[in-house]
Chemist: 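Pasting a structure below so you can have a look.
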Amino acid sequence: MRSDYDVIVVGAGHAGCEAAHAAARLGSHTLLITIDTNKIAQMSCNPAVGGIAKGQIVREIDALGGQMGIVTDRSSIQFRMLNRSKGPAMWSPRSQSDRQQFILEWRAVLENTPNLFMWQDSVNEFIIEGGVVKGVKTLLGQTFTARAVVLTAGTFLNGLMHVGTVKTPGGRVSEPASHGITEQLASLGFTVGRMKTGTPPRLDERTIDFSQCIRQDGEQDFHHFSFMPGIASSLPQRPCWIVHTNEQVHDVLREGLPQSPLYNGQITSIGPRYCPSIETKIVTFADKNSHQLFIEPEGAATHEMYLNGFSSSLPWEVQLAALRHIPALRDVHALRPGYAIEYDFFDPTQLYHTLESKLVKNLFLAGQVNGTTGYEEAAGQGLVAGINAHNCVHELEPFTLGRNEAYIGVLIDDLVTCGVDEPYRMFTSRAEHRILLRQDDADMRLTEKGYQLGLATRERYDLMMSKRDQIERLNAFTREFTVKAAAINPLFEELGMQPLTQGQRLHDLLLRPQLNLSMLAPRLPEVAARVEELEAARRDEIVEAAEIAIKYSGYIERETLIAERVSRLDNVTLKGKFDYSQIRQISTEARQKLQAIDPETVGQASRIPGVSPSDINILLVLLGR
């Protein structure tokens with residue numbers, strides 16, 4: 001067994017799996033070290049991938065050649081496209097996954113990736129010489145050397161779980177915490193903090209009265225996560241269910257608050273604002289007498305159900321008493337209680353956009369250790385960290401993504417520029433150029449980048465180019481083809497629209513929100529024939545992408561111009577140009593923030609909280625001199 005590698009990845013969660021696969025796929029001899037190889041890519045919380053903005057990240061990972069989208073599609077037991085009532089920039093794919101199948105699919109990917117090896121153990125020390133990481137030491141006494149290391153320890157660094165007054169060390173239920181790394185990095189000057197997250201109780205579906213629930217089925221259309229055709233689940237599809245809390249539930253929870261670790265001083269770390277515990281909900285939203293909960297299946301062939309929306313660290317007796325006031329759960333049997341977990345994270349402003357540490361060379365950090373929450377945010381970081389670990393080992397150019405190129409770019413720029421004061425979660429509102437970062441065009445934006453890196457395959461690149469060509473030809477046809485008024489007016493009358501007095505280009509008709517190609521094709525043989533010429537396996541996907549490009553062309557063109565104008569500041573290099581502490585013309589806060597973060601570009605400096613537009617103008621004047 002070899003002990004020397006190009007890249008070592010510590011932790012096999014969602015960040016670690018993407019990092020290890022990327023580094024190995026690009027050609028680095030890679031070692032993935034994890035506490036339990038049977039829980040690779042474990043879905044520690046809800047058994048689902050995607051959601052608002054998160055789904056866009058998964059499609060970007062897939063477009064670049066990562067694996068999360070493929071694994072999700074193969075383990076899916078329900079798929080839905082969220083936010084359909086809004087514009088396409090807000091559409092977000094989400095999939096329920098079979099928890100165990102998700103693990104098996106990821107393990108199959110990793111075990112069949114050339115250059116990738118695994119070792120079951122816990123890392124408790126980095127080997128650091130002259131400010132450069134050289135390898136790791138493990139709990140079993142093994143030493144592995146490497147030219148780059150990626151830390152993706154999730155919630156395991158000094159993890160501590162809470163159920164009422166009961167405190168148990170661990171990275172997640174029934175798994176030990178990891179010790180030593182935090183203390184070592186803190187001694188080297190890393191700023192360390194504590195965060196908190198939580199998970200709800202798991203329920204036995206045989207004891208749930210589903211007649212008291214609202215059924216929520218998945219969608220059966222062409223949408224899925226991976227852009228690769230033929231990637232699908234063979235598992236039976238399952239519904240989710242909706243229930244609501246009530247005043248009786250809230251009364252039980254309020255009575256239990258003195259025993260809640262969140263309110264009795266037992267937990268002092270920062271929790272997620274946008275995924276609060278049920279006890280936080282009844283305190284923060286005291287005027288609400290009901291909260292929506294989702295009962296979600298954990299797999300295709302298990303009775304275990306996940307109660308989304310009821311995360312809690314209250315004593316188990318309080319959790320159960322509250323649940324039984326929900327009519328559907330009056331006789332419920334639970335498999336385990338909800339719990340909170342506290343863990344260490346490192347201030348992400350201590351990282352470059354490559355996710356390499358500024359304090360220890362060739363050490364990369366990704367996932368919850370950077371203060372984020374969510375599988376998707378972790379996986380996106382892991383992919384970038386794995387690519388850059390390989391690149392630094394082989395002395396290649398660093399790989400980064402701009403805010404106008406990907407949600408992954410927004411995520412990483414937010415982390416390294418602004419830092420975090422709570423677990424970071426991605427939203428569409430965080431992306432100022434979200435009309436350019438839609439889920440439908442992630443392959444158009446990123447597959448060429450992935451192919452140039454060597455991560456995306458030639459097959460994936462050729463499929464993207466073929467799709468692009470078909471979209472362009474379809475759009476050209478809509479600009480050239482004129483629809484006669486007599487052919488379309490019967491449809492206009494059915495829809496209550498004003499009839500046409502003369503022919504109109506198909507492109508102009510499609511600008512109307514009421515019309516689309518599937519509606520027009522049955523009435524216009526020329527349109528039907530043109531649609532039939534498209535690649536059959538991806539016809540619906542191509543038509544949807546073409547229609548979005550047509551209907552939103554004005555917005556897309558305007559946003560592209562704005563993004564190009566803003567990106568000019570990201571081309572003006574700052575790093576190494578100034579000692580900010582000596583620039584008296586800018587504010588004290590700006591001096592302190594600029595000195596601490598040492599931004600790469602003027603664009604990054606402009607996004608640092610506390611650095612004003614006038615401070616940026618002064619920097620530009622000084623650069624001009």
Side-chain angles (χ1 to χ4, degrees), residues 56 80-93 219-223 227 404 428 431-445 464-565:
Q56 283 88 327
R80 296 178 65 225
M81 184 67 74
L82 306 183
N83 271 351
R84 281 187 185 273
S85 62
K86 300 179 181 179
M90 307 293 282
W91 295 356
S92 302
E219 299 171 358
Q220 304 292 330
D221 65 7
F222 69 92
H223 289 104
F227 288 99
N404 63 334
T428 52
E432 61 272 33
H433 305 302
R434 56 185 171 274
I435 191 68
L436 305 179
L437 308 181
R438 306 180 312 277
Q439 60 83 30
D440 68 276
D441 75 337
D443 55 342
M444 299 292 107
R445 291 184 277 120
M464 183 276 294
M465 293 299 290
S466 171
K467 176 181 169 182
R468 175 178 286 169
D469 178 62
Q470 292 180 80
I471 291 171
E472 289 174 352
R473 285 191 284 116
L474 182 57
N475 284 351
F477 169 77
T478 67
R479 293 180 183 276
E480 296 163 1
F481 180 68
T482 299
V483 179
K484 294 180 180 178
I488 201 67
N489 277 342
L491 175 61
F492 277 35
E493 290 174 9
E494 289 176 23
L495 298 175
M497 297 169 61
Q498 186 71 28
L500 296 180
T501 57
Q502 60 184 20
Q504 200 171 85
R505 287 187 308 164
L506 177 58
H507 177 274
D508 296 333
L509 287 177
L510 288 172
L511 293 177
R512 302 184 181 220
Q514 306 96 322
L515 302 180
N516 56 54
L517 284 170
S518 64
M519 188 183 296
L520 297 174
R523 299 168 185 270
L524 303 170
E526 300 91 340
V527 174
R530 185 66 193 83
V531 170
E532 283 298 314
E533 292 175 8
L534 300 173
E535 182 185 341
R538 297 191 294 166
R539 183 176 295 136
D540 291 336
E541 178 184 342
I542 292 165
V543 167
E544 180 183 84
E547 285 185 343
I548 290 172
I550 292 167
K551 289 181 180 293
Y552 294 88
S553 57
Y555 298 104
I556 292 169
E557 289 168 9
R558 184 182 66 181
E559 196 61 47
T560 300
L561 289 173
I562 293 171
E564 289 173 353
R565 192 156 57 239

Chemist: Ile562 versus Glu432: any side-chain heavy-atom pair under 4.5 Å?
Modeler: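 Sidechains of Glu432 and Ile562: no contact.
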Chemist: Which heavy-atom pair separates Asp441 from Leu436 by the least distance, and what is that distance?
Modeler: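 Reported closest heavy-atom pair: OD2-O, 3.4 Å.
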Chemist: Closest heavy-atom contact between Gln56 and Trp91?
Modeler: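 Minimum heavy-atom contact is NE2-O, 3.1 Å.
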Chemist: Output the distance between atom OG1 (Thr482) and atom NE2 (His507), rounded to the nearest 0.5 Å.
Modeler: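 Interatomic distance, Thr482 OG1 to His507 NE2, rounded to 0.5 Å: 12.5 Å.
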Chemist: With a 4.5 Å cut-off on side-chain heavy atoms, are Arg530 and Glu526 touching?
Modeler: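 Not in contact.
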Chemist: Which heavy atom of Asp440 sits nearest a heavy atom of Lys467, and at what distance?
Modeler: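 Residues Asp440 and Lys467, closest heavy atoms: O-NZ, 3.7 Å.
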Chemist: So, His223 and Glu544: side-chain donor and acceptor under 3.5 Å apart, yes or no?
Modeler: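 Yes.
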Chemist: Checking side chain to side chain contact (heavy atoms under 4.5 Å, CB included) against Gln504, which of Leu509, Ile488, Leu511 comes through?
Modeler: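 Exactly one pass, corresponding to Leu509.
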Chemist: Could you give the distance from CG (Leu491) to CG (Leu520), rounded to the nearest 0.5 Å?
Modeler: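 Answer rounded to 0.5 Å: 6.5 Å.
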Chemist: Is there a side-chain contact between Asn516 and Val543, using heavy atoms and a 4.5 Å cut-off?
Modeler: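 Contact flag for Asn516/Val543 side chains = no.
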Chemist: Taking all non-hydrogen atoms of both residues, which atom of Asp443 and which atom of Met464 are closest, and how far apart?
Modeler: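 Taking every non-hydrogen atom into account, O-CG, 3.6 Å.
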Chemist: Restricting to non-hydrogen atoms, name the atom on Arg434 and the atom on Ala89 that form the minimum distance, rounded to 0.1 Å.
Modeler: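 Minimum heavy-atom separation between Arg434 and Ala89: O-CB, 3.7 Å.
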Chemist: Applying ring-ring contact (aromatic ring centres under 6.0 Å, His included), name anything that partners Tyr552, two or more places apart in sequence or on another chain.
Modeler: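 For Tyr552 there are no ring-ring contact (aromatic ring centres under 6.0 Å, His included) partners, ignoring immediate neighbours.
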Chemist: More than 12 heavy atoms of other residues, nucleotides or ligands under 6.0 Å from CD of Gln502: is that the case?
Modeler: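 Count not over threshold, so no.
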Chemist: Could you tell me whether the side chain of Thr428 reaches within less than 4.5 Å of the side chain of Asn83, counting heavy atoms only?
Modeler: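 When only atoms from C-beta onward are counted, Thr428 and Asn83 do not touch, as no gap falls below 4.5 Å.
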Chemist: With a cut-off of 6.0 Å (strictly less than), are more than 12 heavy atoms of other residues, nucleotides or ligands near CZ of Arg523?
Modeler: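 Correct, the count exceeds 12.
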Chemist: Is the CZ atom of Phe222 crowded by more than 12 outside heavy atoms at less than 6.0 Å?
Modeler: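 Correct, the count exceeds 12.
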Chemist: Given side chains that start at C-beta, do those of Glu564 and Leu561 come closer than 4.5 Å, heavy atoms only?
Modeler: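 The answer is yes, as the side chains (C-beta and beyond) meet within the 4.5 Å cut-off.
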Chemist: Using side-chain heavy atoms (C-beta onward) and a distance below 4.5 Å, is Val483 in contact with Leu500?
Modeler: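 Heavy-atom side-chain distance check fails, nothing below 4.5 Å.
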Chemist: Rounded to the nearest 0.5 Å, how far apart are CG of Leu517 and CG of Leu524?
Modeler: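 Going from CG on Leu517 over to CG on Leu524, the span is 9.5 Å.
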Chemist: Rounded at 0.5 Å granularity, tell me how far CD1 in Ile435 sits from CD in Glu559.
Modeler: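 These two atoms lie 8.0 Å from each other.
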Chemist: When rounded to the nearest 0.5 angstrom, what is the spacing between CG in Leu534 and CG in Leu474?
Modeler: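 Spacing of CG (Leu534) from CG (Leu474) equals 5.5 Å.
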Chemist: How long is the span from the CG atom in Asp508 to the OG1 atom in Thr478, to the nearest 0.5 Å?
Modeler: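 That separation rounds to 8.5 Å.
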Chemist: Between Met81 and Glu219, what is the shortest heavy-atom contact and its length?
Modeler: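 For Met81 versus Glu219, the nearest heavy atoms are N-OE1, 3.2 Å.
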Chemist: Ignoring hydrogens and angles, tell me if any N or O in the side chain of Arg445 forms a donor-acceptor pair with the backbone of Arg438 under 3.5 Å.
Modeler: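 Indeed, once roles are kept as given, a pair shorter than 3.5 Å links the two residues.
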Chemist: So do Phe492 and Arg512 actually touch side chain to side chain, heavy atoms under 4.5 Å?
Modeler: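 Result yes, sub-4.5 Å side-chain heavy-atom pair found.
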Chemist: Could you tell me whether a side-chain N or O of Arg539 sits under 3.5 Å from a main-chain N or O of Val531, the two making a donor and an acceptor?
Modeler: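 Judged by distance alone, yes, a pair lies under 3.5 Å.
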Chemist: Have Gln470 and Ser466 got a donor and an acceptor in their side chains that come within less than 3.5 Å?
Modeler: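 Yes, Ser466 and Gln470 have a side-chain donor paired with an acceptor closer than 3.5 Å.
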Chemist: With a 4.5 Å cut-off on side-chain heavy atoms, are Val527 and Leu506 touching?
Modeler: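 Counting from C-beta outward, Leu506 and Val527 do come under 4.5 Å.
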